[in-house]
2 protein chains.
Amino acid sequence: METPKGVAFLLSQLGAFGAQRFAERLRPLEIEPRHVGLLRMISANEGASQQELGERMGVVPSRMVSFVDDLEKRGFVERRRNPKDRRAYALHLTGKGTAMLRQAMLISVEHDEEVCAPLSQDERDVLAQLLSRLSTAHDLIPGVHPGYRHLR
Amino acid sequence: METPKGVAFLLSQLGAFGAQRFAERLRPLEIEPRHVGLLRMISANEGASQQELGERMGVVPSRMVSFVDDLEKRGFVERRRNPKDRRAYALHLTGKGTAMLRQAMLISVEHDEEVCAPLSQDERDVLAQLLSRLSTAHDLIPGVHPGYRHLR
DNA sequence: TATTGTTATACTCTATAACTATA
DNA sequence: TATAGTTATAGAGTATAACAATA
């Protein structure tokens, strides 16, 4: 029974490897990949409520609480009461949060450079294009990682 | 702050998506992706000891116990005492285990087909070749998923 | 003493469901 | 009654360390 050389296995293997390396790179900032994802999500949807974001990311409400707590404790995010509906919060990045997001994005670029280092520039372009098409064709949401999702 | 379009994120996103789909496909067999990995590992290393395999897969000894337990309970694997060293087991696939592995490999091929469906045959070949090169360049072990590894 | 496998334990993560406050 | 957010809780997964048998 030979070793699988399928594309799906390689994607999963490389994806998991890259995610681990990215987490290591972020460690000095005392932040995790999923927090970067949430910071980006808030930045792209300023003022959205917790559950709105949770729905887009596939995160259950109770989990969103501690998730946002993490970022609020560190001073990266503010929960502002929505005067129109005082049950809901409006989430906003603080200056500190914006700065942290920017740093994380820089690390993300470095990380990408490391992952693609074995390829020429042309090859990277081809790879990026093929992966983008797969991602789109399988209805994956840009910037949303399926690891956030709970199945079923 | 724009959506990341980096290769590393796409790999992680597609890899996680594919892993979830593969797990769904295996569900009727009441087996999980990691068990398939272990079956394959045993098949490729008949007679190896638990800890030998654990070392190759990056799985800690205590975890290997319940891992192998799972497969033994289902009758897929046999623990045979090694007469040369009666502390160690020699792991072997049963006929049932071989049949299950074969079935899982068929599903794996179907799964690969699904993941690659949006691409032409030529594009799949290009993608497979680029991913293989990345995997090799980053010293990933063929058929061994980093998710089995504990970091540090 | 060292090594293979096992068990006990403690810790983390997460989903479900009950709860509160507002609507 | 319904909804946003929260808390309590229980279950799964996993690593560490202590342990038994054998070397």
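Proteins come first, then strands; the chains are lettered A, B, ... in the order of their sequence lines, and each starts at number 1.
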- Where protein sits on nucleotides 18-23 of chain C, one letter per nucleotide: B base, S sugar-phosphate only, - none, heavy atoms under 4.0 Å: ---BBS
- If you check the A:R63 side chain, which of D:dG5, C:dT14, C:dT16 turns out closest? C:dT14
- Item | Those residues that, when tested against B:R21, pass side chain to side chain donor-acceptor pair (under 3.5 Å) (two or more places apart) | B:E24, B:E114
- Closest-nucleotide ordering on DNA chain D, the 5'-leading residue of A:S62 and B:E32: A:S62
- Heavy-atom side-chain contact between A:L38 and A:F67 under 4.5 Å: yes
- Item | Side-chain H-bond candidate by donor/acceptor type, B:N45 with B:R56, under 3.5 Å | yes
- Task: Check the distance between D:dA4's P and A:L91's CG and give it to me in whole angstrom.
- Result: 13 Å
- Message: Tell me whether the side-chain N or O atoms of A:Q50 pair up with the base of D:dG5 as donor and acceptor below 3.5 Å, since no angle test is needed here.
- Response: no
- In residues 66-74 of chain A, which ones come under 4.0 Å of DNA chain D, going by heavy atoms? none
- Item | Minimum-distance nucleotide to A:R79 side chain [options: C:dT6, D:dT6, C:dT16] | D:dT6
- Between B:D69 and B:R79, is the closest basic N to carboxylate O distance under 4.0 Å? yes
- Contacts of type side chain to side chain contact (heavy atoms under 4.5 Å, CB included), residue A:Q121, not counting sequence neighbours: A:R124, A:D125
- Query: Between A:R27 and A:E32, is the closest basic N to carboxylate O distance under 4.0 Å?
  - Reply: no
- Item | Value in whole Å for how far the P atom of C:dT7 lies from CE of B:M64 | 15 Å
- Who passes side chain to side chain contact (heavy atoms under 4.5 Å, CB included) against B:E78, sequence neighbours left out? B:R80, B:T94
- Which nucleotide in the set D:dT7, C:dT16, C:dT6 lies at the smallest distance from any side-chain heavy atom of B:P61? C:dT6
- Task: Mind calculating the distance between OH (B:Y89) and P (D:dA21) to the nearest angstrom?
- Result: 12 Å
- Message: Using whole Å, what does the distance between atom P of nucleotide D:dA4 and atom CG of A:L53 come to?
- Response: 13 Å
- Item | A:H92 and A:E46 side chains, donor-acceptor separation under 3.5 Å | yes
- Quick one: which residue pairs count as a salt bridge (Lys or Arg N to Asp or Glu O under 4.0 Å) with a foot in residues 11-20 of chain B, not counting sequence neighbours? none
